[in-house]
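Below: the structure, in structure tokens.
None of the values given here were measured: they were computed from a predicted structure. First the proteins, then the strands, lettered A, B, ... as listed; each starts at 1.
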2 protein chains.
Amino acid sequence: MSQPKPRCGIQNHPSVGDVIVCQKVIIIEDDTPLRTSIAQSLELANLEPIPTNGFTQARRSIRSNFAGVILSDIQMPDHSGFDVLDFARNKDPELPVILLTGHSDVPTAMKALKSGAYEYLEKPCEPTRLVETLKRALDHRKLVLENRHIRAELETQLPFDGSATLHEALEETERRLIEKALIEENGKVIEAAQSLGIPRNTLYDRMAKFGLVAKAFRR
Amino acid sequence: MSQPKPRCGIQNHPSVGDVIVCQKVIIIEDDTPLRTSIAQSLELANLEPIPTNGFTQARRSIRSNFAGVILSDIQMPDHSGFDVLDFARNKDPELPVILLTGHSDVPTAMKALKSGAYEYLEKPCEPTRLVETLKRALDHRKLVLENRHIRAELETQLPFDGSATLHEALEETERRLIEKALIEENGKVIEAAQSLGIPRNTLYDRMAKFGLVAKAFRR
DNA sequence: TGATTTTGCCCGAATTTTCGGACAACCAGA
DNA sequence: TCTGGTTGTCCGAAAATTCGGGCAAAATCA
């Protein structure tokens, strides 16, 4: 029949129902006492601070699906908060960055928002206000991540174009279910067969039909 | 002989891609000049103000999937902002309410947040800050609505719980596809068969197996 | 290394599905 | 009432699928 398509396909989705935890806050602040003080405030609020002393130290934590937000000082010796902002937006445009500006530095604050910061806070900042703001940002982030997650799930679920034949659609569904089972069982055919409720040989029959090999599903 | 209709999708799929517009702001403020002033600020920011002079006038706009947020004064002659908050949270717990407090009334502001307000603003509020805050709230609201929308979509697509047998899952899928085709063809078995790419008799076989009758799918 | 498990494939019989053909019953319009 | 189209069911042969058993090669483990 058809060649074993090199479809990389289904990933191991953490199931739609489960809640995404999103409470990390990367703190970028060169002033050590202030940094630890902020970190403490966050821990008291049940958040998960990741304190760093500057851009260089922070950048390895900043990645595309990071489950949290960034809180960065804007004036630092080595880099500016805007560098953080650019870097973060490049990694993930929907990753909220909250910038700490100097007292009453309205023009810079405006510039921050225009550059894509999620929010700014004036430097001598009461902990409660800080936490409130971060919680809103984290909530926002959580929604964004959930959204991506569900969309990904949707894509794997509705692949039939309407012009497909009943047989084609069913074959496609069957192939996906088999692939999913194989992934979940780490490429173990026997266990996948068991979880699908069919005998081992039958699963091999179907796999052969679709050109699937167990090896390709190993972690 | 009519062609099988050029069906674009498996169902009329409110298209996951399309963007939800969410820029309405219900303004609840008894002071008329201030109210219109706020409304103007919002219009300048490309938002869609719905000005009301109080809770009574506003409550009919507040409903479960409202595509916007609420901005309410906290001190009003007939009702308090907290009444608005309670009402809104009852209609939809994820509908953001932003409360306008008097100048430096921190305790009330705290109480507002604890009661579930999305954010509070101090009364003599610069338009830019107001608009920024509202935009964040609207963004949040948009995400919530998108989320609901996609989840609903996913539920209609996700046919089998993981514990189902391969055969059971495929049968279920087959039944759904057949029902879908019958619905789209208004219960005409012949046309449904054509759109599914199988002969009429085969479709009858399958329908019999599932206990389906065409009559039940007529409009 | 040797023992054990797993893979991937083939056989063959039992079962299921496919699908053309046929037919009675029903309904709607002329 | 006649007529054309549809529904729902049955038959039967061809085709496909299921699934137990078996086996050689590969992988894994001790």
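Not counting sequence neighbours, the partners of A:H140 by the side-chain contact (heavy atoms from CB on, under 4.5 Å) test are A:P96, A:Y118, A:V144, B:D139, B:L143. Taking B:Q23 as the reference, nothing meets the side-chain hydrogen bond (donor to acceptor under 3.5 Å, both in side chains) condition, with sequence neighbours excluded. Taking the side-chain hydrogen bond (donor to acceptor under 3.5 Å, both in side chains) definition, one finds that B:R136 meets it with A:E119, sequence neighbours left out. Residues satisfying the side-chain hydrogen bond (donor to acceptor under 3.5 Å, both in side chains) criterion with A:D92, sequence neighbours excluded, are A:R141, A:R148. Applying the side-chain contact (heavy atoms from CB on, under 4.5 Å) criterion to B:E43, with sequence neighbours excluded, gives B:P49. With sequence neighbours excluded, the residues forming a side-chain contact (heavy atoms from CB on, under 4.5 Å) with A:D30 are A:D73, A:M76, A:P77, listed by chain and number. By the side-chain contact (heavy atoms from CB on, under 4.5 Å) test, B:N201 pairs with no residue at all, sequence neighbours left out.
In 5' to 3' order, the nucleotides of DNA chain C bounding all contacts with chain B (an atom under 4.0 Å from a heavy atom) are C:dT17 to C:dA22.
Computed from coordinates, the A:I190 CD1 to D:dA27 P distance equals 16 Å when rounded to whole Å. Here D:dT7 presents its P atom at 9 Å from CD of B:E191, a figure rounded to the nearest Å. Remark: C1' of D:dC11 and CG of B:N201 are 11 Å apart, rounded to the nearest angstrom.
Of all nucleotides listed (D:dT28, D:dT7, D:dC19), D:dC19 comes nearest to the side chain of A:I198.
Using a 4.0 Å cut-off between a side-chain N of Lys or Arg and a carboxylate O of Asp or Glu, B:R89 and B:E94 do not qualify as a salt bridge. Ion pairing between B:E184 and B:K180 fails under the 4.0 Å rule for side-chain N and carboxylate O.
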Side-chain donor-acceptor pairs of residues 204-214 of chain B under 3.5 Å, sequence neighbours excluded:
residue, atom, partner, partner atom, Å
B:R206, NE, B:E174, OE2, 2.7
B:R206, NH2, B:E174, OE1, 3.3
B:K209, NZ, B:E171, OE2, 3.1

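Direction of the helix axis in the helix from C:dT1-D:dA30 to C:dA30-D:dT1 shifts by 50° between the two five-pair termini, rounded to 10°.
In terms of position on DNA chain C, the residue among A:H167 and A:A214 whose nearest nucleotide sits closer to the 5' end is A:A214. Annotation: of the two residues near DNA chain D, A:K215 and A:G197, the 5′-most nearest-nucleotide partner is A:G197.
In the region residues 202-209 of chain B, proximity to DNA chain C at under 4.0 angstrom, judged on heavy atoms, holds for B:T202, B:D205, B:R206, B:K209.
Identified under the ring-ring contact (aromatic ring centres under 6.0 Å, His included) test for residues 33-78 of chain A, with sequence neighbours left out: A:F55-A:H79, A:F55-A:F87.
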